[in-house]
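Ligands are counted one by one from 1 in listed order, and the atoms in each one are counted from 1 as well. Below, all heavy atoms of this structure are taken into account, side chains as well, without hydrogens, waters or symmetry copies. One is the number of the first residue; the rest follow in order along the sequence.
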Amino acid sequence: MRYRKLGNTGLTVSEIGFGTIPILSGNVPVLPDYCSPDVPEAVEIMMGAYKMGCNLYDTAIPEEYGDAEYKLGVFARQVGRENIIISDKARFMDGNDMFREVERSAENLGTNPDIYFVHQVDEKNQEETFSRYGALDALCDLKKAGVIRYTGIATHYYSVAERAARDSRVDIIQTCGNILERGIMDRIAENDIFRGKGLILNKVYAAGCLLSAFTPSELIGGVLHWPFSCALIGVGTREQAEAAMKEEYPPRDFTFEKVMSRLSEHFRPIPCTRCQRCHCPKGYEIHILLRQYNYYHLGKRYWAMKKMKMNIDEVYESCRRCTDRRCMADCPQGLMIPELIELLHGLAERA
Ligand code: SF4
Ligand code: SF4
C-alpha cells in the first residue's frame, strides 16, 4: 500500500480506502450489492484490510448504509482508534439536522468521526447546503468545537464539487469516477481551484459493473494517476479486500479509447465520459440516462432499467420535438444525444 497527503488537511491516507457499503446488513437501496457479514466477520474483513495498509474507512448513517457505521465502530475499538481515519456522512442539508446526525453517528460509532461529509449534494439541494445555517455551516461549528476534525462535501456533480472547491469552509471533497466515467476526474485535474483540497474518489468499480470487463487491478491502477488521494473500494469479503489491496498498483493510464475497445468485446457502449457538460434547458440529466444504458449491458439490468424507465418516455418525447438541441453544443465526445435517447427508449420498450 502506498500513501498520499489528503490535500492540506495534514492527514496521510492509504491510496485505497475501505468503502463499507458491502459489509452492511439491513434493507437499504444501495449499489453495490452487499454481503451482510455478521459483526465479527465484518470486523475481521476490516482488520484484514488494515493489515494490508488501509487506514481510511468510509461509512454513512443507518438510513444510507444500514449497520455499517456500528460495525466500523466495533472495528475501531479493536484496531485502536488512533490507527485509522473514519469518514462518515449524512444526507441532510439543514444545519440543525446535521448537528443531530453527527451526534447520532458518534453514538453509533462509539467515537467521533474524523471527517464528516454532507452526502449527495446535488444541483437542487446545494443552495440549502451551502447557505447560512445550512449543513456545511453546522459541520464548521462542529469542527470548531472539536467534534469532527474535517468538513466535507460528497457529490456526484462536477458543478457542486467546483463550488465546494471555491468554499474555504470545505476541507475535503468526495466524488465519483472510474476509467469509464472519467469526466469529473478530468475536469478536476484540469482546474487548479481544487489544489489543496483533500480529494477522495468513489465508484471506482462503477458499483461493481466494470468488474465484468476489467480486473480490480486495472480499475484501481487506472484511476490512480488522477489527482485524488484515496480511491474508496467497496469491500464485503476477505477476497474482495485482497483483490483491492494486496498489490501495489503502478499508476496506469487506461485511455478512454482502450476502455471503449475492451467494452466493445461485450456490447456496443455509449462513449459518454459523464463530464456533465451537456446542459438541457428542461433539466434532463442526460449523463445519468446514458450511464444506465452502459450499466444495463454490464450486468445491472434490473437496477438500470428501473432507473431508466422513471423518465425515458418523457425525455424521448421532448428530445423528438426539440429544435435547438443545446445539450449537444458542449459535448466533447460529439454525441448525438437525441439519437441515443431514442436508442434507450427502444431498449426500455423491449425490456
Ligand atoms: S453526453 Fe457528452 S457532454 Fe454529456 S456527459 Fe456525456 S460526454 Fe459529457
Ligand atoms: S435534445 Fe433538447 S430536450 Fe433533449 S436533452 Fe437535448 S436540449 Fe434537452
Side-chain angles (χ1 to χ4, degrees), residues 31 120-124 126 155-165 173 175-191 194 201-204 206-207 209-210 213 222-223 226 228 253-264 266-298 300 304 307-349:
L31 275 179
Q120 293 180 354
V121 185
D122 61 28
E123 291 173 338
K124 294 192 184 86
Q126 61 171 315
T155 182
H156 292 179
Y157 290 82
Y158 176 76
S159 60
V160 176
E162 192 180 294
R163 181 171 184 171
I173 299 166
T175 191
C176 56
N178 49 63
I179 57 175
L180 171 62
E181 300 163 290
R182 59 180 59 201
I184 295 182
M185 300 193 295
D186 281 341
R187 294 181 76 178
I188 285 176
E190 287 159 10
N191 192 339
F194 287 93
L201 188 67
N202 61 39
K203 301 282 185 292
V204 173
C209 291
L210 290 174
V223 297
W226 272 279
F228 286 79
D253 187 3
F254 238 109
T255 64
F256 194 62
E257 290 66 33
K258 280 189 213 159
V259 172
M260 284 295 111
S261 161
R262 177 79 65 84
L263 292 179
S264 298
H266 303 264
F267 69 106
R268 188 186 287 183
I270 293 177
C272 168
T273 64
R274 280 195 82 194
C275 70
Q276 304 178 3
R277 287 190 167 96
C278 43
H279 297 293
C280 167
K282 289 183 182 291
Y284 298 138
E285 297 189 306
I286 298 304
H287 59 99
I288 293 182
L289 275 168
L290 300 186
R291 173 184 72 163
Q292 310 309 357
Y293 180 89
N294 286 337
Y295 279 20
Y296 177 89
H297 289 94
L298 285 164
K300 296 284 180 216
K307 297 264 177 192
M308 207 188 289
K309 282 189 168 172
M310 286 168 80
N311 69 343
I312 188 64
D313 289 344
E314 181 191 332
V315 180
Y316 169 66
E317 284 304 327
S318 289
C319 292
R320 231 162 45 89
R321 293 199 183 91
C322 182
T323 47
D324 74 348
R325 301 190 161 186
R326 202 175 311 165
C327 59
M328 289 169 32
D330 294 319
C331 175
Q333 297 295 104
L335 297 183
M336 299 296 290
I337 290 170
E339 288 178 16
L340 293 172
I341 294 297
E342 190 178 348
L343 178 73
L344 267 65
H345 183 252
L347 179 68
E349 277 198 330

Side-chain donor-acceptor pairs under 3.5 Å in residues 336-346, sequence neighbours left out?
unit_1 : atom_1 : unit_2 : atom_2 : d
H345   : NE2    : D313   : OD1    : 3.2

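The backbone N or O of I184 sits nowhere less than 3.5 Å from a side-chain atom of R187 that would complete a donor-acceptor pair. Of the possible donor and acceptor atoms, none in the side chain of R277 sits under 3.5 Å from a partner among the backbone N and O of P332.
Within the model, atoms OH of Y157 and NZ of K124 stand 6.5 Å from one another, a figure rounded to the nearest 0.5 Å.
More than 12 heavy atoms of other residues, nucleotides or ligands sit less than 6.0 Å from atom NZ of K309.
Ligand 1 places these atoms under 4.0 Å from at least one heavy atom of T273: 7 (S). The distance from ligand 1 to the heavy atoms of Q333 drops below 4.0 Å at these ligand atoms: 7 (S). Of all atoms in ligand 1, listed by their number and element, those nearer than 4.0 Å to a heavy atom of H287 are 5 (S).
For R274, every heavy-atom contact with ligand 1 shorter than 4.0 Å involves the backbone, none the side chain.
Pocket lining of ligand 2, defined as residues with a non-hydrogen atom under 4.0 Å away: C280, P281, I286, C319, C322, R326, C327, P338.
Residues forming a salt bridge (charged side-chain N to carboxylate O under 4.0 Å, His left out) with R320 (at least two apart in sequence, or on another chain): E317. Scored by the salt bridge (charged side-chain N to carboxylate O under 4.0 Å, His left out) test, R163 finds E127 as partners (sequence neighbours excluded).
For the residue pair T273 / Q333, no side-chain donor-acceptor distance below 3.5 Å is found, with atom types taken as modelled.
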